[in-house]
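Shown next, in structure tokens, is the structure this report addresses.
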Amino acid sequence: IFLAQNPIVRKVVPKSWLRSSFYWQLFALERRFGILRTIDQMLGKPKREFVIQDVEIPIESSAEFLNFFEREIGISPIWVCPTKAPNASARWPLYSLDPTALYMNFGFWSSVELGPNEEPGSKNRAIEAKVTALNGRKSLYSTSFYSRDDFWSSYNGDEYASLKKKYDPDHVFPDLYEKCVGGTR
């Protein structure tokens with residue numbers, strides 16, 4: 001997106017423009033005003049879907065995920081980084097991963113063309129379904145398309161409800177599902 005991976009662009013733009021904070025500003029402008037979408041429409045190009053995610057996949061399922069991703073999504077390059085909890089007693093109740101297991105983090109930030117019969121969100125939903133099927137987790141910094149039940153199943157809805165009741169009993173703030181998925185469905 002925004003030619004950020006193009007070596008020529010990377011050489012000529014200021015380094016401050018290559019930071020993720022600048023990228024997110026550009027992305028926010030695109031989501032708000034649809035400048036690239038409008039240009040693509042004027043040029044007769046197919047619709048595109050933003051696919052911006054980081055996912056953790058158990059190491060033993062990483063090859064299966066990567067094969068799926070290359071076949072069904074096709075974004076390149078992708079970030080691949082092994083990750084493991086700092087100690088075996090580490091627990092994150094809302095983002096449950098086995099603290100003794102090794103995971104591969106796959107990060108990808110781009111857009112993909114949609115086929116003539118594909119709905120916006122279909123690529124992201126396919127990734128979410130595959131991540132869930134492989135007992136992985138998706139970071140929630142980007143758009144999410146989970147159903148309410150699937151979301152709370154993956155992100156420990158019972159524990160969250162307990163925390164929400166304790167720290168926000170008057171529901172002053174939207175809940176995690178509303179923040180992460182509400183605006184994208």
Connected via hydrophobic side-chain network under 4.5 Å: L140 and W152: yes
Just do the side-chain contact (heavy atoms from CB on, under 4.5 Å) check on I57 and V131 with the steps written out, would you? CA-CA 7 Å; I57 305 294; V131 168; 4.0 Å; yes
According to a 4.5 Å side-chain heavy-atom criterion applied to Ile, Leu, Val, Met, Phe, Trp and Tyr, with indirect links allowed, do V51 and L134 form part of one hydrophobic cluster? yes
Which heavy atom in A101 sits nearest to a heavy atom in K84, and how many Å separate them? O-CG, 3.4 Å
If you compare all heavy atoms of A90 against all heavy atoms of A85, which two are closest, and at what distance to 0.1 Å? CB-CB, 4.0 Å
Taking the six-membered ring for Trp, are Y146 and Y155 parallel (under 30°), tilted (30 to 60°) or perpendicular (over 60°)? perpendicular
N124 and S144, any side-chain heavy atoms less than 4.5 Å apart: no
Can you confirm whether the side chains of D150 and S153 place a donor and an acceptor under 3.5 Å from each other? no
Straight-line distance of I73 CD1 to S110 OG, nearest 0.5 Å: 11.0 Å
With rounding to the nearest 0.5 angstrom, report the CG to CG distance, D158 to N156. 6.5 Å
Quick check: does any side chain N or O of E178 sit under 3.5 Å from a backbone N or O of D175, one acting as donor and the other as acceptor? yes
How far apart are the C-alpha atoms of F106 and W79, what are their side-chain angles, what is the distance that settles it, and do they pass the ring pair (Phe, Tyr, Trp, His ring centres under 6.0 Å) test? CA-CA 5 Å; F106 294 94; W79 173 266; over 10 Å; no
Q53 vs Y141, test: side-chain hydrogen bond (donor to acceptor under 3.5 Å, both in side chains). Steps then yes/no. CA-CA 8 Å; Q53 298 185 29; Y141 67 82; over 6 Å; no
First locate atom OH of Y177, then atom OG of S147, and finally report the distance between them rounded to the nearest 0.5 Å. 6.5 Å
How long is the straight-line distance from CE of M104 back to CD of E56, given to the nearest 0.5 Å? 11.5 Å
Return the minimal non-hydrogen interatomic distance between A126 and F68, and the atom names on each side. O-CZ, 3.6 Å
Derivation of the side-chain contact (heavy atoms from CB on, under 4.5 Å) call for V55 and R137: CA-CA 6 Å; V55 299; R137 288 293 173 271; over 6 Å; no
Would you find more than 12 non-hydrogen atoms of other residues, nucleotides or ligands less than 6.0 Å from F173 atom CZ? no
Given 3.5 Å as the limit, does a donor-acceptor pair link the side chain of T132 with the main chain of E128, or not? yes
Is atom NZ of K164 surrounded by more than 12 heavy atoms (other residues, nucleotides or ligands) closer than 6.0 Å? yes
Side-chain contact, heavy-atom cut-off 4.5 Å: I78 with L66? yes
Below 4.0 angstrom, N of the basic side chain to O of the carboxylate: do E64 and K130 qualify? yes
What verdict does the salt bridge (charged side-chain N to carboxylate O under 4.0 Å, His left out) test give for K123 and E118, after you've listed the backbone C-alpha separation in whole Å, the side-chain angles of each residue and the deciding distance to 0.1 Å? CA-CA 9 Å; K123 301 292 188 184; E118 286 184 298; 3.2 Å; yes
Pairwise distance OG1(T100) to CG(N87) - rounded to 0.5 angstrom: 11.0 Å
Flag the pair V112 / I75 as yes when at least one side-chain heavy-atom distance between them is below 4.5 Å, and no otherwise. yes
Can you tell me how far OG1 of T83 sits from CG of D54, rounded to the nearest 0.5 angstrom? 10.5 Å
Nearest heavy atoms of Y160 and L94, plus distance in Å: N-CD2, 3.7 Å
Side-chain contact, heavy-atom cut-off 4.5 Å: V181 with F151? yes
Taking it one step at a time, do Y103 and D98 satisfy side-chain contact (heavy atoms from CB on, under 4.5 Å)? CA-CA 9 Å; Y103 291 83; D98 179 351; 3.5 Å; yes
Flag the pair L102 / P82 as yes when at least one side-chain heavy-atom distance between them is below 4.5 Å, and no otherwise. yes
Expected output: side-chain E49 to main-chain G121 donor-acceptor under 3.5 Å: yes
Cluster overlap L163 with V172, hydrophobic side-chain contacts below 4.5 Å: no
Report the relative orientation of the aromatic rings in F108 and F69; use parallel for angles under 30°, tilted for 30 to 60°, perpendicular for over 60°. tilted
